[in-house]
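To find a chain, count down the sequence lines: A is the first, B the second, and so on, and within it residues start at 1.
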Protein chains: 2
Amino acid sequence: MVRPRFARLPPAQQQAILRAALDEFATHGFHDASLNRVIDAAGISKGSMYYYFDDKADLFAHVARVEFERLLADVGPVARPPEPGPDAFWSAVERFYRDALTRLAAHPRVASLARTWLGASENPALQRAQLELEATVMPWLERVLVLGQSSGAVRTDLPSDLLIAVAIGMGRAMDTWLLSRPPDDTAPPPTGALVGMLRRALEPQT
Amino acid sequence: MVRPRFARLPPAQQQAILRAALDEFATHGFHDASLNRVIDAAGISKGSMYYYFDDKADLFAHVARVEFERLLADVGPVARPPEPGPDAFWSAVERFYRDALTRLAAHPRVASLARTWLGASENPALQRAQLELEATVMPWLERVLVLGQSSGAVRTDLPSDLLIAVAIGMGRAMDTWLLSRPPDDTAPPPTGALVGMLRRALEPQT
DNA sequence: AACCGGCGTAGACTGATGGTCGAACCGGTG
DNA sequence: CACCGGTTCGACCATCAGTCTACGCCGGTT
């Protein structure tokens, strides 16, 4: 967990550290990111770094949390649909998905960070950081889930955590697939088909 | 790529190396696995290890490939259903899924290896190994996909690689969720509901 | 018997990593 | 001035993956 001291640092120095860390993690992932490079780029000593952060994973969790919170605030919540019913809910989800993709395309470093986060189940050191990050993202996801269920758009016969896990898994798969498309493919991503698959997996059975 | 020399080693020594590597990777994942520990446990020198394997990722890929091939051979293919039609295909898939879960429960080290493989998109070194492993697993997956499509059980309006990516993502999510259940939960895993979600995401739209 | 070439082994060595630690520094207070 | 808590520093540590040189052994050739 970031030490509270960090918040008392002059904002300029906080920024320097966070930007250096964001650059390093975004371009090298977690494992191949080098703390030595971060402290060089940030212009601080190793001692100072460990004075403010528990370890490498803690630094990663903090910079990721800051960036994700900014992103979620930017994109805005999945709006409670004006009219009731599943269709309105799912089109709100699709609108959010499209917006988020647009935002991520405009901030490639944050996109890279998100991908590192989603794809880092392997590293035990990162798993602690995962927990901290989930504390940021999960409540948000759960609100969306409950909204969907109260709209009759999401099934209620399976545990919430399973539904969320499946949604995340599908989202990660779609993201990976979108990334693997050649960059010169100017066609807009088929968000309709992707959200449609998510919908059919999660909506109540008739 | 494993050097062909490795196959000419006395089987006992091959076994010693593979078993040491399996133990290490299964209990520590990829990144935290230590080659030094592997060579100690296997009773060989570092020079010998690098005489037979390109690097750490190569060793991982080899041991994973050996174990996965053994697993797939054990469980057997997704049988071409005796009668035609989507229902028969999807119940064959469920049967395979249940069998595979049973086999993995009986071989926890292999299960751990599979989890390391699925969750290792982050590490660039492992990505080369991923490619090698995919050469083992993907053809198998594609055969299943084509079988499903020819049974009318799987949609044909989206690219195959997207369908496969989504299926893998859902499988990984379900596996993670199954793992997170308390170990004293003796209820059999809800494979029906899980394969049902997969089915609704992948089957043709009416 | 003497020699040779190469396969396989050994382990010291390299450069880098994440993380630790004690010393030094600095602004404020008595 | 003396002290002190919060902060900064960088040398240092263990360990890592990977490299490199030396060497022992063995089968074949002369």
Who pairs with [X] by side chain to side chain contact (heavy atoms under 4.5 Å, CB included), at least two apart in sequence or on another chain?
| X | answer |
| --- | --- |
| B:Ala111 | B:Leu104, B:Arg115 |
| B:Ala135 | none |
| B:Arg3 | B:Arg5, B:Asp54 |
| B:Thr176 | B:Arg172 |

In whole Å, I'd like the distance from the [atom1] atom of [X] to the [atom2] atom of [N].
| X | N | atom1 | atom2 | result |
| --- | --- | --- | --- | --- |
| A:His28 | C:dG18 | NE2 | C1' | 16 Å |
| A:Ile39 | C:dT17 | CD1 | P | 10 Å |
| A:His31 | C:dG18 | NE2 | P | 9 Å |
| B:Gln13 | C:dG8 | CD | P | 11 Å |
| B:Arg3 | C:dC7 | CZ | P | 13 Å |
| B:Arg5 | C:dC7 | CZ | P | 8 Å |
| A:Arg37 | C:dG19 | CZ | C1' | 17 Å |

Residue met sooner reading DNA chain D from 5', once B:Leu35 and A:Gly43 are mapped to nucleotides
A:Gly43
Restricting to side-chain hydrogen bond (donor to acceptor under 3.5 Å, both in side chains), what partner residues turn up for A:Arg95, sequence neighbours left out?
none
Partner residues of B:Arg70 under the side-chain hydrogen bond (donor to acceptor under 3.5 Å, both in side chains) criterion, sequence neighbours left out
none
Within residues 47-57 of chain B, the residues having a heavy atom closer than 4.0 Å to DNA chain C are B:Gly47, B:Ser48, B:Tyr51, B:Tyr52
Would you list the atom pairs, donor with acceptor, under 3.5 Å between side chains in residues 6-17 of chain B and any protein atom, with sequence neighbours excluded?
unit_1	atom_1	unit_2	atom_2	d
B:Gln14	NE2	B:Phe6	O	3.1
B:Gln14	NE2	B:Ala7	O	3.0
B:Gln14	NE2	B:Leu9	O	3.0

Would you say the side chain of B:Gln205 lies within less than 4.5 Å of the side chain of A:Arg200, judging by non-hydrogen atoms?
yes
Between the two end axes of the helix from C:dA1-D:dT30 to C:dG30-D:dC1, each built from 5 base pairs, what angle do you get to the nearest 10°?
40°
Anything under 3.5 Å between a donor and an acceptor, one on a side chain of residues 159-168 of chain B, the other on a protein residue two or more places apart or in another chain? List them.
unit_1	atom_1	unit_2	atom_2	d
B:Asp161	OD1	A:Trp177	NE1	3.2
B:Asp161	OD2	A:Trp177	NE1	3.4

At the 4.0 Å heavy-atom cut-off to chain B, mark where contacts on DNA chain D begin and end, going 5' to 3'.
D:dC16 to D:dT19
Which of parallel (below 30°), tilted (30 to 60°) and perpendicular (above 60°) describes A:His62 and A:Phe53?
tilted
Side-chain donor-acceptor pairs of residues 148-156 of chain B under 3.5 Å, sequence neighbours excluded:
unit_1	atom_1	unit_2	atom_2	d
B:Gln149	NE2	B:Arg155	O	3.1
B:Ser150	OG	B:Val146	O	3.4
B:Ser150	OG	B:Leu147	O	3.0
B:Ser151	OG	B:Leu147	O	2.9
B:Arg155	NE	B:Asp157	OD1	2.8
B:Arg155	NH1	B:Ala201	O	3.4
B:Arg155	NH2	B:Asp157	OD2	3.1

